[in-house]
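Worksheet for the structure shown next.
Heavy-atom basis, side chains included; hydrogens, waters and symmetry copies ignored. Everything quoted here is computed from the prediction, not taken from an experiment.
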Amino acid sequence: MNGAKSLLQDLDDAIARGTDESRARALWHATDLLITGRYSDEEISMFGEVIGRLADEIEVAARTQLSELMAACDHAPLNVIEQLAFDDEIEVAGPVLRDSTRIDERVLVQSAMTKGQSHLLAISQRQSIGEAVTDVLVKRGNQEVVSSVARNEGARFSGSGLLHMVRRAEGDSILAEQLGLRKDVPRHIFQQLIAKASEDVRRRLETERPEMMAQIQSSVTEVTGDLQSKFGPSSRSYFVAKRVVTTQYRQGNLNQDSISNYARQHRFDEVQIGLSLLSSLPVDVIERALMDRNREMLLVLCKALAFSWETTMSLLFLGAKDHLITARDLNDNEREFGRLNIETSRSILKFYQSRKNSGAADPAAGRQAELQMH
């Protein structure tokens with residue numbers, strides 16, 4: 001400790017009275033000592049003070065060289081790393097922004113919020129990027145930055161960050177495909193993505209992500225035998241409910257209040273028929289949404305219909321086992337419902353409609369025929 005302290009004191013004195021050339025020699029000497037030696041945190045901090053002072057007085061090329069050395073050093077002084085990261089010259093800032101394991105998330109966020117696109121691009125290429133950083137990158141970054149983040153398997157996205165990426169992907173088939181290929185994109189985000197994607201992108205994702213497309217198709221069409229036996233359209237009560245709700249719909253009296261009242265009274269048939277009419281989705285799809293343990297589809301449906309959280313909550317309780325939901329699950333659902341965008345949810349609803357009606361020449365005519373049957 002005393003030897004290092006004495007050496008650094010000598011370097012500090014040389015800085016004060018030396019020439020530009022002697023300061024440059026002192027910088028590389030101190031840097032070599034730091035990189036090749038093993039020091040305590042206090043000693044590393046002392047090296048940082050000396051190297052930081054010297055770095056203020058050298059040209060861009062020398063600062064770039066210093067940045068490359070510090071980026072590869074697993075015990076580089078934090079003050080030097082931060083100083084280099086905020087350098088306006090990307091040649092200097094780039095190496096530490098891309099590669100340094102010593103740079104903390106606070107510095108990355110601040111750099112991403114205040115610097116230009118070249119700095120953001122360097123950050124987007126890091127081996128690992130936390131959610132707080134990607135949130136800034138996807139909001140401030142240009143197309144190149146956002147595409148780089150989407151390709152980066154080490155990037156982690158928050159829910160709002162992914163939704164922002166979905167919006168950025170509208171009209172950008174390359175970004176849409178890059179995002180759709182990410183293994184960490186949850187199903188409900190993937191649904192929103194393909195609801196807005198071009199047909200070419202959908203076909204490519206069907207090829208590259210068949211398991212995800214199969215899950216979505218299953219959530220739209222799959223109805224279990226237990227559900228059919230319990231709530232199937234063969235029961236007399238179902239047809240009675242259908243006549244009542246259909247009449248209410250034709251008279252213009254079927255609305256959110258009607259659905260909410262039916263749900264609170266646990267009148268499942270009336271709810272599924274009413275939601276079917278209001279959403280133009282088949283009853284079996286509504287049934288699946290109500291009963292599925294994964295509540296994503298029901299939340300999207302309620303948001304697309306502009307239902308309130310209170311109405312949505314009554315539907316969640318209706319479909320829950322024994323009509324019971326834990327406080328934690330309810331809070332999670334409320335947060336997810338709040339994050340959903342109404343226009344995006346309506347796009348997903350249209351996608352569900354198109355998947356169910358893809359074999360019909362006139363989906364509206366089929367729905368009208370169902371109304372006229374009863």
Side-chain angles (χ1 to χ4, degrees), residues 90 94 97-98 108-109 111-217 219-220 296-297 299-300 303-304 336 339-355 358:
I90 186 57
L97 290 177
R98 278 190 298 270
L108 291 172
V109 169
S111 176
M113 291 179 65
T114 58
K115 295 298 183 178
Q117 295 299 319
S118 57
H119 287 65
L120 271 65
L121 181 61
I123 296 171
S124 75
Q125 296 166 346
R126 290 182 62 80
Q127 185 174 4
S128 176
I129 313 174
E131 292 182 1
V133 180
T134 58
D135 278 350
V136 181
L137 294 178
V138 300
K139 291 175 183 175
R140 287 201 68 231
N142 59 19
Q143 185 179 26
E144 185 179 13
V145 170
V146 174
S147 179
S148 175
V149 176
R151 293 194 306 270
N152 189 337
E153 294 182 0
R156 297 293 173 261
F157 293 88
S158 67
S160 62
L162 282 172
L163 289 173
H164 201 87
M165 287 287 279
V166 170
R167 289 194 289 271
R168 294 288 300 263
E170 290 185 49
D172 187 338
S173 60
I174 295 176
L175 180 59
E177 185 173 357
Q178 289 170 337
L179 189 58
L181 291 174
R182 291 188 63 90
K183 302 300 183 182
D184 58 345
V185 172
R187 186 175 67 176
H188 69 283
I189 296 293
F190 191 85
Q191 288 172 329
Q192 296 185 45
L193 179 67
I194 63 173
K196 293 175 173 290
S198 67
E199 285 300 322
D200 287 343
V201 171
R202 287 186 192 179
R203 283 195 294 270
R204 286 197 292 271
L205 290 178
E206 284 178 350
T207 301
E208 298 291 337
R209 302 295 305 278
E211 79 293 344
M212 187 68 85
M213 296 298 290
Q215 287 180 30
I216 293 174
Q217 183 65 16
S219 72
V220 176
E296 294 167 356
M297 184 177 176
L299 295 176
V300 169
K303 181 66 75 167
E336 184 59 35
R339 292 191 190 105
L340 290 173
N341 176 275
I342 189 167
E343 293 303 323
T344 303
S345 297
R346 286 174 176 167
S347 296
I348 297 173
L349 177 59
K350 289 179 182 178
F351 173 73
Y352 286 144
Q353 293 165 345
S354 68
R355 298 292 282 195
S358 59

Quiz item: With side chains defined as the heavy atoms from C-beta onward, is the minimum distance between Arg126 and Val133 less than 4.5 Å?
Solution: no
Self-check item: Inter-residue atom distance Asn341.CG - His164.NE2, 0.5 Å rounding
Solution: 12.0 Å
Exercise. To the nearest 0.5 angstrom, please state how far the CZ atom of Arg339 sits from the NZ atom of Lys303.
Key: 11.5 Å
Quiz prompt | His119 vs Leu97, side chain to side chain contact (heavy atoms under 4.5 Å, CB included): CA-CA, chis, key distance, verdict | solution = CA-CA 8 Å; His119 287 65; Leu97 290 177; 3.8 Å; yes
Quiz item: Is the CD1 atom of Ile174 crowded by more than 12 outside heavy atoms at less than 6.0 Å?
Solution: no
Practice problem: Output yes when a side-chain donor or acceptor of Arg202 lies under 3.5 Å from a complementary backbone atom of Ile194, and no otherwise. | Solution: yes
Quiz item: Salt-bridged, Glu343 to Arg346, with N to O below 4.0 Å?
Solution: yes
Quiz item: Which atom names give the shortest non-hydrogen contact between Leu120 and Ser111, and what distance separates them?
Solution: CD1-O, 4.4 Å
Quiz item: In Å, rounded to the nearest 0.5 Å, how long is the span from CG of Leu121 to NZ of Lys115?
Solution: 16.0 Å
Quiz item: Cut-off 3.5 Å, side chains only: do Gln143 and Asp172 have a donor facing an acceptor?
Solution: yes
Self-check item: Pair Glu177 + Arg204: basic N to acidic O under 4.0 Å
Solution: yes
Quiz item: Do NZ/NE/NH1/NH2 and the carboxylate oxygens of Arg209 and Glu211 come within less than 4.0 Å?
Solution: yes
Quiz item: Between Phe157 and Ile189, does a side chain to side chain contact (heavy atoms under 4.5 Å, CB included) hold up when you go through it step by step?
Solution: CA-CA 12 Å; Phe157 293 88; Ile189 296 293; over 6 Å; no
Quiz item: For the residue pair Ser124 and Val149, what are the closest heavy atoms and their distance?
Solution: CB-CG2, 3.5 Å
Quiz item: Looking at CG of Leu162 and CD of Glu131, how far apart are the two atoms once the value is rounded to the nearest 0.5 Å?
Solution: 8.5 Å
Self-check item: Taking every non-hydrogen atom, the tightest pair across Thr134 and Ala155
Solution: CG2-CB, 4.0 Å
Practice problem: Return yes if a side-chain donor-acceptor contact under 3.5 Å exists between Ser147 and Gln178, otherwise no. | Solution: yes
Quiz item: Minimum heavy-atom separation for Ile123 to Leu108, with atom names?
Solution: CD1-O, 3.7 Å
Quiz item: Would you find a donor on one side and an acceptor on the other, under 3.5 Å apart, between the side chain of Glu153 and the backbone of Gln127?
Solution: no
Exercise. Run through Leu163, Val138, Asp135 and flag the one making a side chain to side chain contact (heavy atoms under 4.5 Å, CB included) with Ser158.
Key: Asp135
Quiz prompt | Spatial distance of atom CG (Asn142) from atom OG (Ser118) [nearest 0.5 Å] | solution = 9.5 Å
Exercise. Would you check if the side chain of Arg182 reaches a backbone N or O of Asn152 as a donor-acceptor pair within less than 3.5 Å?
Key: yes
Quiz item: What are the two closest non-hydrogen atoms of Val201 and Ala197, and how far apart are they?
Solution: CG1-CB, 3.8 Å
Exercise. First locate atom CD1 of Ile129, then atom OG of Ser148, and finally report the distance between them rounded to the nearest 0.5 Å.
Key: 7.0 Å
Practice problem: Go through the steps for Thr344 and Leu340 under the test side chain to side chain contact (heavy atoms under 4.5 Å, CB included), then give the verdict. | Solution: CA-CA 8 Å; Thr344 303; Leu340 290 173; over 6 Å; no
Exercise. Specify the closest pair of heavy atoms between Ala304 and Leu349, including all atoms of both residues, with the distance to one decimal.
Key: CB-CD2, 4.0 Å
Quiz item: Given Gln117 and Glu144, is the side chain to side chain contact (heavy atoms under 4.5 Å, CB included) satisfied, shown in steps?
Solution: CA-CA 9 Å; Gln117 295 299 319; Glu144 185 179 13; over 6 Å; no
